[in-house]
Amino acid sequence: MTLLGPVAPVPSRKGRGSHVRYYLDANASEPLRPQAYEAVPEALRATGNPSSVHREGRAARRILEDARETVATRFGALPERVVFTSGATEANAFALHALRGGRRLIVGATEHDLIRAHAPDAAVLAVDRRGVVELDVLEFMLDEGPALVALMLANNETGTLQPVAEAAALCRRHGGILHVDTVQAAGRLPVDLGVLGAHSLALSSHKLGGPLGAGALLLTADAPAERPLIAGGGQERGWRGGTPALPAIAGFAAAAEALGDADRLAPMRDAIEEAAVREGAIVCGAGVARLANTTCLALPGVRADAQVIALDLDGIAVSAGAACSSGKVTASHVLTAMGLGMLAGQAIRVSLPWNAEADCVEAFADAYARMAARLRPALAGAAVDA
Ligand code: PLP
């Protein structure tokens, strides 16, 4: 009996005629890559626990260690310093937990909520109007004593890139430790722990075209990791107890191996920005190095959630602010940190998936023009709650 039928990759566009939908929310979750589609059922068929010593256990262990080797090679780490987790929320929490020691914590003002939630006592490193951290301020903060610094390589809302390699050099010069959340950059830019010079980096499978439920923390040989995240059965070299999610990890590694770069998406992203600007939008974080697939578009006077709903009803899936908080109607802390005031509650994120096709530009432009025409007059003069 075949339990798993044939599988097919998810297209970036779905449906026919007026029911066509365009998925432009890749920073929330990328569509699965075909290589991951193949690796997941293969791993599901493996019977056995990777910790067992019998033949079935050893076969499962091989899948796990092959995946570790692939992820290590792809992202410039040693296999024995790759710790698989359930995702990047866990990998980032693990880094803050394991690397903290007695150090002070410094986090970028536009870090993901999960970093901010784990670091209520952290000193916040401000960003400029384009969303880039100020390195001379970081150097000043590092002068005050040993610190663990958490910075993201690419911002999930604006795509803005941080000068991570420069920050890593500063940290090393001042005896600090740098942890980098590379979740949104991996798969869109080359990401290599050694080249970045940081001490650790966090990855998420579903943000690079693998399945949900896997991620990893990669540590350099000199990262002073002290405490396991979960004590338990000694899995992951004692760093994280619990039987690893083999199918998700196998899919994660297959997707990681298949990554290209996202440069081909930049012309589509630029055309989407031009179309939105024609309707009165402002591009948040324009003018700095950004991810090729991401744009953050503020439409003055129109609440972000109203824009998202209108576009959704018109066949376009985008989000307001961070994916993890898209159910909330609050101003984006990222845009607020960039000094955008009311606009922080009026911006949507458009993030093109790895398999986006050129026709999404026209579809977006038409839907955006209809949305702007409908919502702007309706809200003109009304109090807009940012
Ligand atoms: N880091 C960044 C920059 C993200 O955008 C997200 C998710 O939105 C995460 C971490 C969390 O990743 P995961 O869903 O794997 O927990």
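For ligands, and for the atoms within them, numbers begin at 1 and follow the listed sequence. What's counted below: heavy atoms across the whole structure, side chains too, no hydrogens, waters or symmetry copies.
Atoms of ligand 1 lying under 4.0 Å from any heavy atom of Gln184, numbered from 1 in the order shown and given with element: 3 (C), 4 (C), 5 (O). Here is the list of ligand 1 atoms found below 4.0 Å of a heavy atom in His206: 13 (P), 14 (O), 15 (O). Residue Met152 approaches ligand 1 through these ligand atoms, each under 4.0 Å from one of its heavy atoms: 3 (C). Annotation for ligand 1: atoms under 4.0 Å from non-hydrogen atoms of Asn156 are 3 (C), 5 (O). Taking every non-hydrogen atom of Gly87 and a distance limit under 4.0 Å, the qualifying atoms of ligand 1 come out as 15 (O).
Of the polar atoms of Thr89, at least one N or O is found under 3.5 Å from an N or O of ligand 1, judged by distance alone. Every N/O-N/O distance between Asn27 and ligand 1 stays at or above 3.5 Å. At a 3.5 angstrom cut-off on N or O pairs, Ala88 counts as close to ligand 1.
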- prompt: So Leu64 and Phe84, side chain to side chain contact (heavy atoms under 4.5 Å, CB included) or not? Walk me through it.
  reply: CA-CA 9 Å; Leu64 181 64; Phe84 285 120; 4.0 Å; yes

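Taking all heavy atoms of Asp181, Ile115, Leu203 into account, the minimum distance to atom 1 (N) of ligand 1 is reached by Asp181. Proximity annotation for atom 15 (O) of ligand 1: of Ser29, Gly213, Ser204, Ser204 comes nearest, heavy atoms only.
The closest donor-acceptor contact from the side chain of Lys207 to the backbone of Asn27 lies under 3.5 Å. Counting only distance, with no hydrogens or angles, the side chain of Ser52 and the backbone of His54 share no donor-acceptor pair below 3.5 Å. Without hydrogens or angle criteria, His112 side chain to Leu114 main chain gives a donor-acceptor distance under 3.5 Å. Here the side chain of Gln307 pairs a donor or acceptor atom with the backbone of Val302 at under 3.5 angstrom. The main-chain N or O of Leu24 is never found under 3.5 Å from a side-chain atom of Tyr22 such that the two would form a donor-acceptor pair.
At a 4.0 Å cut-off, at least one heavy atom of Lys207 sits close enough to ligand 1 to count as contact. In this structure, Glu111 does not count as a contact residue of ligand 1, since none of its heavy atoms falls inside 4.0 Å of the ligand.
Hydrophobic clustering, with ILVMFWY side chains joined whenever heavy atoms are under 4.5 angstrom apart, groups Met371 together with Val277. Hydrophobic clustering (ILVMFWY, side-chain heavy atoms < 4.5 Å, transitive): Leu311 and Leu297 are in one cluster. Hydrophobic clustering (ILVMFWY, side-chain heavy atoms < 4.5 Å, transitive): Val164 and Leu291 are in distinct clusters.
The side chain of Leu114, and not its backbone, has at least one atom closer than 4.0 Å to an atom of ligand 1 (non-hydrogen atoms only; side chain from C-beta on).
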